[in-house]
Amino acid sequence: MDLQGIGAISASAVAALGIPIAVMVGRWQMRGASESARAGVAQAEATYRAALDAVRAETSATYVQWRRSTQREAYVAFLLASHQLLATADLLTGRANWSLTDESWAALKAELGPLRTALLNAQLIVTLEGSEDVVDLSGPLKDLTFQVARNLEKHAEMGRAWSKVTQMCEDENRAMVANPAAPRPATRPASFLRAALGHLGQKVRQHATDGDYRLLEDVPAEVAQAAEVVSRAFAALPSLAISSEERARLLDMQYLGLPARLPEHERQTSDLKQARKDFIKAAREELSLPSHGPF
């Protein structure tokens, strides 16, 4: 075979060999590109997941912060509502004197109504936003607040009614001093009433009972007799001198005693303080607990 034939054969062989080599190189290049693509996708996915986790973490932290803020505001509002009702009722006891006009006294008492409503509303918000433990403790605190405030309110009502009778007695005395030559009245109704009420209270205390004698059938004779004298004393007063509410409070004062000075009131006040401590403790624990948020 001449050199030209050999060259042709060699060229054909090289050409035939070059085809699979090119294919192999192309395949390796494609494999490298595919692996690079997969690596890129994996990196993109990792970046996306990291970004998503960061967004979730930030959203969760924001939610937890908002949730804690909402609960804290609800708890604080409830505690303040309880305090304001008690403070106003206690202030009322210091103003239960006859120097206040009926209008001023009514305005003072009227402040208690909205404060009671505010406490109910605040406790409702705690029920909606608070944890189960905090909600359970809000009930006793609300009930005791109402009870103690009512005791103070009744105490003030009794004090004002008694102050009114005392003022009427002083008016009777001043009238006698101002007109010494005037005929002495056969009786002084207000003074008679005050003495009769004091005597009734004394007899009730001497025959102490757990109930209210006005609701019992078995009443000691001395108590019954004193009550009859009080009834006559009320009847001897000028018309409209004492209102029906004032009369009821004057009788409550003798049969039941001043609410704010009774052992029951002391126990309720002590229970109220403990209920407040328990609520605050549970609220603090709730607000300090870690939370995973909504995600």
Side-chain angles (χ1 to χ4, degrees), residues 89-110 112 149-216 218-266:
D90 186 58
L91 182 62
L92 194 65
T93 62
R95 298 182 179 181
N97 57 74
W98 185 235
S99 62
L100 292 175
T101 64
D102 291 339
E103 292 76 13
S104 298
W105 173 253
L108 285 173
K109 284 190 61 179
L112 296 177
R150 180 53 184 154
N151 291 345
L152 294 172
E153 182 183 11
K154 289 183 67 175
H155 188 103
E157 291 170 351
M158 292 178 186
R160 178 168 172 82
W162 188 259
S163 295
K164 185 173 184 178
V165 173
T166 300
Q167 181 64 40
M168 292 168 62
C169 292
E170 293 176 357
D171 291 343
E172 289 176 344
N173 293 334
R174 279 194 293 268
M176 293 178 60
V177 172
N179 299 288
R184 293 297 181 93
T187 60
R188 291 184 292 170
S191 300
F192 177 40
L193 174 62
R194 186 171 63 174
L197 287 169
H199 182 67
L200 173 61
Q202 180 183 15
K203 294 305 177 181
V204 169
R205 290 188 295 272
Q206 288 178 353
H207 301 274
T209 179
D210 293 333
D212 185 341
Y213 277 125
R214 291 171 294 182
L215 305 177
L216 301 178
D218 187 12
V219 179
E222 289 186 327
V223 174
Q225 292 171 1
E228 177 60 28
V229 174
V230 168
S231 295
R232 293 200 303 269
F234 274 122
L237 286 176
S239 177
L240 303 179
I242 293 289
S243 69
S244 58
E245 181 181 358
E246 289 167 339
R247 174 172 177 159
R249 292 296 168 261
L250 288 169
L251 290 173
D252 287 343
M253 185 176 176
Q254 310 311 318
Y255 282 106
L256 304 175
L258 289 167
R261 296 180 182 176
L262 297 176
E264 180 67 12
H265 177 73
E266 295 180 4

Is any side-chain heavy atom of [X] less than 4.5 Å from a side-chain heavy atom of [Y]?
X      : Y      : value
Asn151 : His265 : yes
Val229 : Leu200 : no
Lys203 : Gln206 : yes
Pro189 : Glu172 : yes
Glu153 : Arg150 : yes
Met253 : Leu258 : yes
Trp105 : Glu157 : yes
Trp162 : Arg249 : no

What heavy-atom pair brings [X] and [Y] nearest, and what distance separates the two atoms?
X      : Y      : result
Ala233 : Ala196 : CB-CB, 4.2 Å
Leu152 : Ala260 : CD2-CB, 4.2 Å
Ala149 : Ala89  : O-CB, 3.7 Å
Ile242 : Lys164 : CD1-CD, 4.1 Å
Ala190 : Leu237 : N-CD2, 4.0 Å
Leu251 : Phe234 : CD2-CE1, 4.1 Å

Inset, instruction - May I have the step-by-step check of side chain to side chain contact (heavy atoms under 4.5 Å, CB included) for Leu256 and Glu264, ending in yes or no? - result: CA-CA 11 Å; Leu256 304 175; Glu264 180 67 12; over 6 Å; no
Legend entry - With Glu222, the side-chain hydrogen bond (donor to acceptor under 3.5 Å, both in side chains) member among His207, His199, Gln202: His207
Distance from [X] atom [atom1] to [Y] atom [atom2], nearest 0.5 Å?
X      : Y      : atom1 : atom2 : value
Asn173 : Glu170 : CG    : CD    : 7.5 Å
Lys154 : Thr93  : NZ    : OG1   : 15.0 Å
Ser191 : Arg194 : OG    : CZ    : 6.0 Å
Tyr213 : Gln254 : OH    : CD    : 14.5 Å

Legend entry - Residues forming a side chain to side chain contact (heavy atoms under 4.5 Å, CB included) with Leu262, sequence neighbours excluded: none
Legend entry - Distance-only donor-acceptor check, side chains Ser163 and Thr166, under 3.5 Å: no
Legend entry - Short side-chain donor-acceptor distance under 3.5 Å, Glu228 and Ser231: no
Legend entry - Test: Asp102 and Arg160 ion pair at under 4.0 Å: yes
Inset, instruction - For side chain to side chain contact (heavy atoms under 4.5 Å, CB included), just list the numbers for Val219 and Arg214, CA-CA rounded to whole Å, side-chain angles, deciding distance to a tenth of an Å, and then say yes or no. - result: CA-CA 8 Å; Val219 179; Arg214 291 171 294 182; over 6 Å; no
Legend entry - Residue list, salt bridge (Lys or Arg N to Asp or Glu O under 4.0 Å) with Glu245, at least two apart or on another chain: Lys109
Inset, instruction - Identify, with sequence neighbours excluded, every residue that meets salt bridge (Lys or Arg N to Asp or Glu O under 4.0 Å) alongside Asp90. - result: none
Legend entry - CZ/Arg261: more than 12 non-hydrogen atoms of other groups inside 6.0 Å: no
